[in-house]
**Student:** 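If you scroll down you'll find the structure; I have some questions about it.
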Amino acid sequence: MLRQFHRVLRPDGVMAVGFHVGEESILETTGDGDHSTQMYVYHRQPSRVADWLREAGFTIEAQHLLNPDEAKPGAILFARRPAAPPR
């Protein structure tokens, strides 16, 4: 799936990927009354997400860990699609 982001992002473009840190997958139900929604929430380690981005052709520009001492830490990775080679 990350290869599709690589395909549509312009050369030298930067993408930010935010996620919860961890190793679990949770089915969450949110909403009220007749408007409830179920969705899977995947928690992943930043190194694993960085590997997936590299495999898709991105270079990692920066990695930020958010609220590392909280129950639900987060992370943001900034990944760049390399510039197109000269013709």
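If you read the sequence from its start, that first residue is 1, and numbering goes on from there.
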**Student:** For the side chain of R80 and the backbone of D12, is there at least one donor-acceptor N/O pair under 3.5 Å apart?
**Tutor:**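 Here the side-chain-to-backbone pair exists.
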**Student:** Who pairs with M1 by side-chain contact (heavy atoms from CB on, under 4.5 Å), at least two apart in sequence or on another chain?
**Tutor:**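 Testing M1 for side-chain contact (heavy atoms from CB on, under 4.5 Å), a comparison that skips the adjacent residues, returns F5.
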**Student:** As an exercise, state the distance from CD1 of I60 to CG of L77, rounded to the nearest 0.5 Å.
**Tutor:**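 Going from the CD1 atom of I60 to the CG atom of L77 covers 5.5 Å.
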**Student:** Using 30° and 60° as the class limits, which term best fits the ring planes of H64 and F78: parallel, tilted or perpendicular?
**Tutor:**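 Perpendicular.
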**Student:** Which atoms form the tightest heavy-atom contact between P46 and V21, and what is the distance?
**Tutor:**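 Closest approach of P46 to V21, heavy atoms only: CD-CG1, 4.0 Å.
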**Student:** Counting N and O atoms only, with roles assigned by atom type, does the side chain of R10 sit under 3.5 Å from a partner on the main chain of R81, one being a donor and the other an acceptor?
**Tutor:**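 No.
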**Student:** Do Q63 and V49 touch side chain to side chain, with heavy atoms closer than 4.5 Å?
**Tutor:**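 Answer no - side chains too far apart.
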**Student:** Between P82 and T59, what is the shortest heavy-atom contact and its length?
**Tutor:**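 Residues P82 and T59, closest heavy atoms: CG-CG2, 4.2 Å.
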**Student:** Working to the nearest 0.5 Å, report the span between OH of Y42 and CD of E23.
**Tutor:**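 Reported to 0.5 Å precision, the distance equals 14.5 Å.
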**Student:** Salt-bridged, R48 to D51, with N to O below 4.0 Å?
**Tutor:**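 No salt bridge links R48 with D51.
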**Student:** To the nearest 0.5 Å, tell me how far K72 NZ sits from N67 CG.
**Tutor:**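 Going from NZ on K72 over to CG on N67, the span is 12.0 Å.
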**Student:** For the atom pair CD (E55) and CG (L2), what is the distance rounded to the nearest 0.5 Å?
**Tutor:**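 Those atoms lie 9.0 Å apart.
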